[in-house]
Protein chains: 2
Amino acid sequence: MASDDAAPDPIDLTLVDVLRAMADPIRLRIVQTLAAGGPHGKCGEHWNFGVHKSTMTHHFRILREAGLTRTTVTGRTHTIELRRAELDARFPGLIDALTVADQRSSVG
Amino acid sequence: MASDDAAPDPIDLTLVDVLRAMADPIRLRIVQTLAAGGPHGKCGEHWNFGVHKSTMTHHFRILREAGLTRTTVTGRTHTIELRRAELDARFPGLIDALTVADQRSSVG
DNA sequence: ACTACCGTTGGATGTTCATCCAACAATCGC
DNA sequence: GCGATTGTTGGATGAACATCCAACGGTAGT
């Protein structure tokens, strides 16, 4: 039961799976935040979406199983991190396009 | 009842909506094909997904309502076209990343 | 006008999914 | 060890979705 429990190699990922994992407001925001600021904890400190705790667990699981993130367990705190390198190698420009689009949506 | 019936300005689009519109095998394939080869008809000539006619109508509608495509009616044939310019302006690098990723998945 | 063709519409259906709640498990501080 | 904290699991629920089928609406050709 390590952290890479159900996390596949990004090589095996299909674009559809990645897209579907990010086709959600909360999960997209998580990915964008991760892409912008490195690893984060899972506690409600940073992620204030107004949803239940278990809902966040659900979303984190989707992201991890889609191969987008990697979770590191340290004591009772979990640290989530974007697999940026693997993702960039598998889907060049995707994460970057998502981040750029985020900046634009903050403006408009 | 023109072609741009429920097609919003890509400016108003959110990344999530675009992502959700493409988070489907058939629709992603449509977008990728459109991005690679310009406008296509809607008839079963090019799109051989093995699904029912009305299912294709459904997918085309999702794409159009998400602002990804534009449909031009010519007689009894409908021509679908990717709004590449607007999409590139709104989400720089997104469509390109999708196309590049498609080439890779053809290899792997 | 009748028929063939292209695509849409409405209804029906089974599945997936996002969400909440309650209960549980593991860890840290005292 | 006890209580507090952090996150997960299982069940339940309502909404969204992909799909099919049958019927319909224009358009083209004869």
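Because only heavy atoms are used, hydrogens play no part in the values below, and waters and symmetry mates are left out as well, while side chains stay in. So that the names make sense, note that chain A is the first sequence line, chain B the second, and so on, each numbered from 1.
Base-pairing analysis of DNA chain D finds the following stems of at least three consecutive Watson-Crick or G-U pairs, with both pairing distances under 3.5 Å: C:1-30 with D:1-30.
Listed by chain and residue number, H52(B) satisfy the side-chain hydrogen bond (donor to acceptor under 3.5 Å, both in side chains) test with S54(B) (two or more places apart in sequence, or in another chain). Qualifying side-chain hydrogen bond (donor to acceptor under 3.5 Å, both in side chains) partners for H59(B), counting only residues two or more places apart in sequence or in other chains: R27(B). For D17(B), the salt bridge (Lys or Arg N to Asp or Glu O under 4.0 Å) criterion is met by R20(B), not counting sequence neighbours. Listed by chain and residue number, nothing satisfies the salt bridge (Lys or Arg N to Asp or Glu O under 4.0 Å) test with R76(A) (two or more places apart in sequence, or in another chain).
At whole-Å resolution of the value, NE2 in H78(B) and C1' in dA28(D) are 14 Å apart. Note: CE (M56(B)) to C1' (dT9(C)) measures 17 Å, nearest angstrom. In this entry the distance linking CZ of R61(B) with P of dT19(D) reads 15 Å, nearest Å. Rounded to whole angstrom, the span from the CD atom of E65(B) across to the C1' atom of dT8(C) amounts to 13 Å. In this structure, M22(A) atom CE and dC17(C) atom C1' are separated by 18 Å, rounded to whole Å.
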Is there any protein nitrogen or oxygen under 3.5 Å from a nitrogen or oxygen in nucleotides 14-18 of chain D, and what are the pairs?
unit_1	atom_1	unit_2	atom_2	d
dA18(D)	OP1	R27(B)	NH1	3.2
dA18(D)	OP1	R27(B)	NH2	2.8
dA18(D)	OP2	R27(B)	NH1	3.4
dA18(D)	OP2	H58(B)	NE2	2.7

Under 3.5 Å, which N/O atoms of the protein pair with N/O atoms of nucleotides 10-12 of chain D?
none

Look for any protein N or O under 3.5 Å of an N or O in nucleotides 24-30 of chain C and output each such pair with its distance, or none.
unit_1	atom_1	unit_2	atom_2	d
dT27(C)	O2	R76(A)	NH1	3.4

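The backbone N or O of T71(B) lies less than 3.5 Å from no partner atom in the side chain of R64(B), so there is not a single donor-acceptor pair.
Closest of all the heavy-atom pairs between F60(B) and I30(B) is CE2-CD1, 3.7 Å. Between A21(B) and A66(B), the shortest heavy-atom contact is CB-CB, 3.6 Å.
Taking the side chain as every heavy atom from C-beta outward, L15(B) and F91(B) approach each other to under 4.5 Å. Annotation: side chain of D96(B) is in contact with side chain of R84(B) (closest heavy-atom distance under 4.5 Å). Between L87(B) and L94(B) the shortest side-chain heavy-atom distance does not fall below 4.5 Å. In this structure, K53(A) and M56(A) have side chains that are not in contact, with every pair of non-hydrogen atoms separated by 4.5 Å or more.
Considering OG1 of T99(A) and CG of L34(A), their distance stands at 10.5 Å, rounded to 0.5 Å. One finds the CZ atom of R83(B) at 13.0 Å from the CG atom of D88(B) (value rounded to the nearest 0.5 Å).
Distance from the side chain of T57(B) is smallest to dT9(C) among dT19(D), dT9(C), dC21(D).
The shortest distance between the side-chain N/O atoms of H52(B) and the OP1/OP2 oxygens of dA22(D) is not below 4.0 Å.
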